[in-house]
Enquirer: 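What follows is a structure written as structure tokens; I'll ask about it next.
Since this is a predicted model, take the numbers as computed values, not measurements. Chain naming here is simple, since letters A, B, ... match the order of the sequence lines and numbering starts at 1 in each.
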Amino acid sequence: MKEQLTELIRNAVERAFAEGKLASGQTPPINIEKPANEEHGDYAVNVAMQMAKAEKKPPRAIAETIVGCIDDRQGILAAVEIAGPGFINFRIRPEAWLKTLGVVEAEGEDFGKSNVGAGQKVQVEFVSANPTGPLHIGHGRGAAIGDTVCRLLVATGWDVTREFYYNDAGAQIANLALSVQARCLGIEPGDTRWPLDGYQGEYIKDVAKAYLAHETVNADDQHVTAAGDPNDLAAIRRFAVAYLRREQDQDLQAFDVHFDVYYLESSLYEEGRVDAVVRRLVESGYAYENEGALWLRTTDFGDDKDRVMRKADGSYTYFVPDVAYHLAKWERGFVRVVNEQGADHHSTITRVRAGLQALDAGIPKGWPEYVLHQMVTVMRGGEEVKISKRAGSYVTLRDLIDEVGRDVTRYFFVMRKPDSQLVFDIDLAKQQSLDNPVYYVQYAHARICSIYENAREKGVTVPEYKDADLTRLGTPEELAIVKALASFPETVEGAALNFEPHRVTYYLQELAGLFHSFYNKNRVITEDEGLTVARLFLLKCIAQALKNGLAMLGVSAPERM
RNA sequence: GCGCCUGUAGCUCAGCUGGAGAGAGCAACGGCCUUCUAAGCCGUGGGUCAGGGGUUCGAAUCCCUUCAGGCGCGCCA
């Protein structure tokens, strides 16, 4: 609908130019918006105001001219008015609105999708937790946002690769191996032989026990049988990584999050990519030696200080493999790369981009893109639950899913703009009431299914578009629903474009609210067969939109609650 | 001290990339079930959009600044 109207206006402006009624010859971008006030119609456009300067005419006069040039061949307009400082307000004919329901049926599960991505490759990296412990709440938010962004990109026509990157060989992993080894040998935290900054969590004991028992673990990307020898540190490391990767996989599966690629930091070293990147950076002239270390002049690319690449001890800082990894992404042909990560790592953005620019590899300045999410605080019984890895008091993602369910967890994590901090209220999440927006939306879907059931018992089947006489619909509540349905694709597109899944949750709550309101005011199944069929069809469209929207969030649409 | 994020109703938060007397949910108060799920609906009250400047025909939205909160500022990842 919005698109049709945009064309109509653009044509009108161009016709005005062609007929010499307007002089500037420059068509500004047509911004159509939905006025907050209903008296201002269904849509409003501000072109006349935007053109005022170039035309050297008052906006209202320009508006008059444009309106005079509108050629509404399809007859979608009921009224056009010029209002306020120069807005052109449009009212769409109810029949035109109702026609959009045909689209909902025709597209079915695809309703809401579009093809702005045109099948181009995009890679989304998210979670990327190191295998040193179970996934915690922060990873959960990242997983929910990242996966939803992927679903939204798929829905808007992109060819999406989901990728998980992790460090399987660095200092932290060495520390992990030492911690497991200590447990194998019966050493406890606090013991003088306990490794410095060792991982103290209970789960380390489980890893040690499994290792000593020669267990075999199969993770998505790791398959290792334990050697069982507490003196073989390398074997312990391999086993511990696989074990904890498997744990994380189970968490992710419980969350319905799946990856296409697991990328190992160690492979960057094995394939010589890290050395190659350092060489290229030295050749490009942005590197220099100082105090025994090799530095990169990242300040040339907006960083606030230069960064060390190779430490005095000869090893690399983490940011070098990071650059190598992103160069590899670029070479794999991703025109777009999106990194979803916690905002506490935001300083890596400048560094990674600076490193890539210093390569002179023709990588665009703003590549890769980032979605950063702010911290999550967990509340239970009105008190904050502290998350401390070292102390072992630990709210894991799996604990949360087990306690409140996958649907609620996913929904809550994407309910807020990633930029704002999130308070996860476990008590609220567990409530099966109107306080809980997930159930509110799901209930609308279930309610519609229940009405279907009822209709079936009375011998009425769910109708198709061609069976329904939609002119029977026309109450304000019904039209409000139809208009909301028509705006679903725009909502999805906006959410995908801005990496803002919360827009979908707000949309769904609004649509569910419109339905509940309609339901309380009207009966669907009545003696009036024509009206019954028309309304059943409207409900079918609502259910479709709810289901499709929930699917984009990875949340189920139950038929019964 | 510097960088990023945030500041909107008592609480939790939207505000469609600058539009037309500022919205939703919860909480408070008052109503609606012999009829398709009351896990629902309807109504009422509630605001210096943190403060101050600026740009603009027009600012919660953009720029500057002050204040408050969070995160980050390693030859850690």
Enquirer: Looking at A/Arg447, I'd like to know whether one of its side-chain N or O atoms comes within less than 4.0 Å of OP1 or OP2 on B/rA38.
Expert: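 Result: yes.
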Enquirer: Once salt bridge (charged side-chain N to carboxylate O under 4.0 Å, His left out) is applied, what residue pairs with a partner in residues 366-376 of chain A remain, sequence neighbours excluded?
Expert: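 Checked against salt bridge (charged side-chain N to carboxylate O under 4.0 Å, His left out) - neighbours excluded - the pairs reaching residues 366-376 of chain A are A/Arg336-A/Glu369.
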Enquirer: Nucleotides 42-46 of chain B: which of its N/O atoms have a protein N/O under 3.5 Å away?
Expert:
from   : atom 1 : to       : atom 2 : distance (Å)
B/rC42 : OP1    : A/Ser517 : OG     : 2.8

Enquirer: Grab the NE2-C1' distance between A/His516 and B/rG40 for me, whole Å please.
Expert: 6 Å
Enquirer: May I have the list of side-chain donor-acceptor pairs in residues 289-301 of chain A shorter than 3.5 Å, sequence neighbours left out?
Expert:
from     : atom 1 : to       : atom 2 : distance (Å)
A/Trp295 : NE1    : A/Asn290 : O      : 3.2
A/Thr298 : OG1    : A/Asp303 : OD2    : 3.0
A/Thr298 : OG1    : A/Lys305 : O      : 2.9
A/Thr299 : OG1    : A/Asp306 : OD1    : 2.7

Enquirer: Is it the case that A/Gln442 and A/Asp407 place a side-chain donor and acceptor less than 3.5 Å from each other?
Expert: yes
Enquirer: Would you say A/His502 reaches B/rG15's phosphate, i.e. side-chain N/O to OP1/OP2 under 4.0 Å?
Expert: yes
Enquirer: Does a donor on one side chain sit under 3.5 Å from an acceptor on the other, for A/Arg10 and A/Thr6?
Expert: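 Absent: no donor and acceptor within the cut-off.
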Enquirer: Searching all strands shown, indicate the nucleotide that pairs with B/rA60 (Watson-Crick or G-U wobble; both distances under 3.5 Å).
Expert: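 B/rA60 is paired with nothing.
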Enquirer: With a centroid cutoff of 5.5 Å and a plane-angle limit of 30°, would you call A/His346 stacked on B/rG72?
Expert: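 No; by the centre-distance and plane-angle rule, A/His346 does not count as stacking on B/rG72.
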Enquirer: What donor-acceptor contacts under 3.5 angstrom involve side-chain atoms of residues 475-485 of chain A, with partners at least two apart or in another chain?
Expert:
from     : atom 1 : to       : atom 2 : distance (Å)
A/Thr475 : OG1    : A/Glu478 : N      : 3.2
A/Thr475 : OG1    : A/Glu478 : OE1    : 3.1
A/Glu477 : OE2    : A/Lys521 : NZ     : 3.3
A/Glu478 : OE1    : A/Gly474 : N      : 2.8
A/Glu478 : OE1    : A/Thr475 : N      : 3.0
A/Glu478 : OE2    : A/Arg535 : NE     : 2.8
A/Glu478 : OE2    : A/Arg535 : NH2    : 3.2
A/Lys483 : NZ     : A/Asp42  : OD1    : 2.7

Enquirer: Report yes if a side-chain nitrogen or oxygen of A/Tyr440 is closer than 4.0 Å to either non-bridging phosphate oxygen (OP1 or OP2) of B/rC41; otherwise report no.
Expert: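 For B/rC41, OP1/OP2 do have a side-chain N/O of A/Tyr440 under 4.0 Å.
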Enquirer: Given B/rC57, B/rC36, B/rG70, identify the nucleotide with an atom nearest to the side chain of A/Met49.
Expert: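 My answer, after comparing the listed nucleotides, is B/rC57.
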Enquirer: Under 3.5 Å between N/O atoms: give me all the protein pairs with nucleotides 11-13 of chain B, atom names plus distance.
Expert:
from   : atom 1 : to       : atom 2 : distance (Å)
B/rU12 : O2'    : A/Arg416 : NH2    : 2.6
B/rC13 : OP1    : A/Gln421 : O      : 3.3
B/rC13 : O5'    : A/Arg416 : NE     : 3.4
B/rC13 : O2'    : A/Arg416 : NH1    : 3.4
B/rC13 : O2'    : A/Tyr506 : OH     : 2.2

Enquirer: So, for A/Tyr440 and A/His516, is the gap between ring centers shorter than 6.0 Å?
Expert: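 Yes, the ring of A/Tyr440 comes within the 6.0 Å limit of the ring of A/His516, centre to centre.
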Enquirer: Could you go over nucleotides 75-77 of chain B and give all protein N or O partners under 3.5 Å, atom names and distances?
Expert:
from   : atom 1 : to       : atom 2 : distance (Å)
B/rC75 : O2     : A/Ala312 : N      : 2.9
B/rC75 : N4     : A/Glu291 : O      : 3.2
B/rC76 : OP2    : A/Lys311 : NZ     : 2.5
B/rA77 : OP2    : A/Tyr318 : N      : 2.9
B/rA77 : O3'    : A/Asn167 : ND2    : 3.2
B/rA77 : O2'    : A/Asn130 : ND2    : 3.3
B/rA77 : N6     : A/Tyr318 : OH     : 3.0
B/rA77 : N3     : A/His345 : NE2    : 3.3

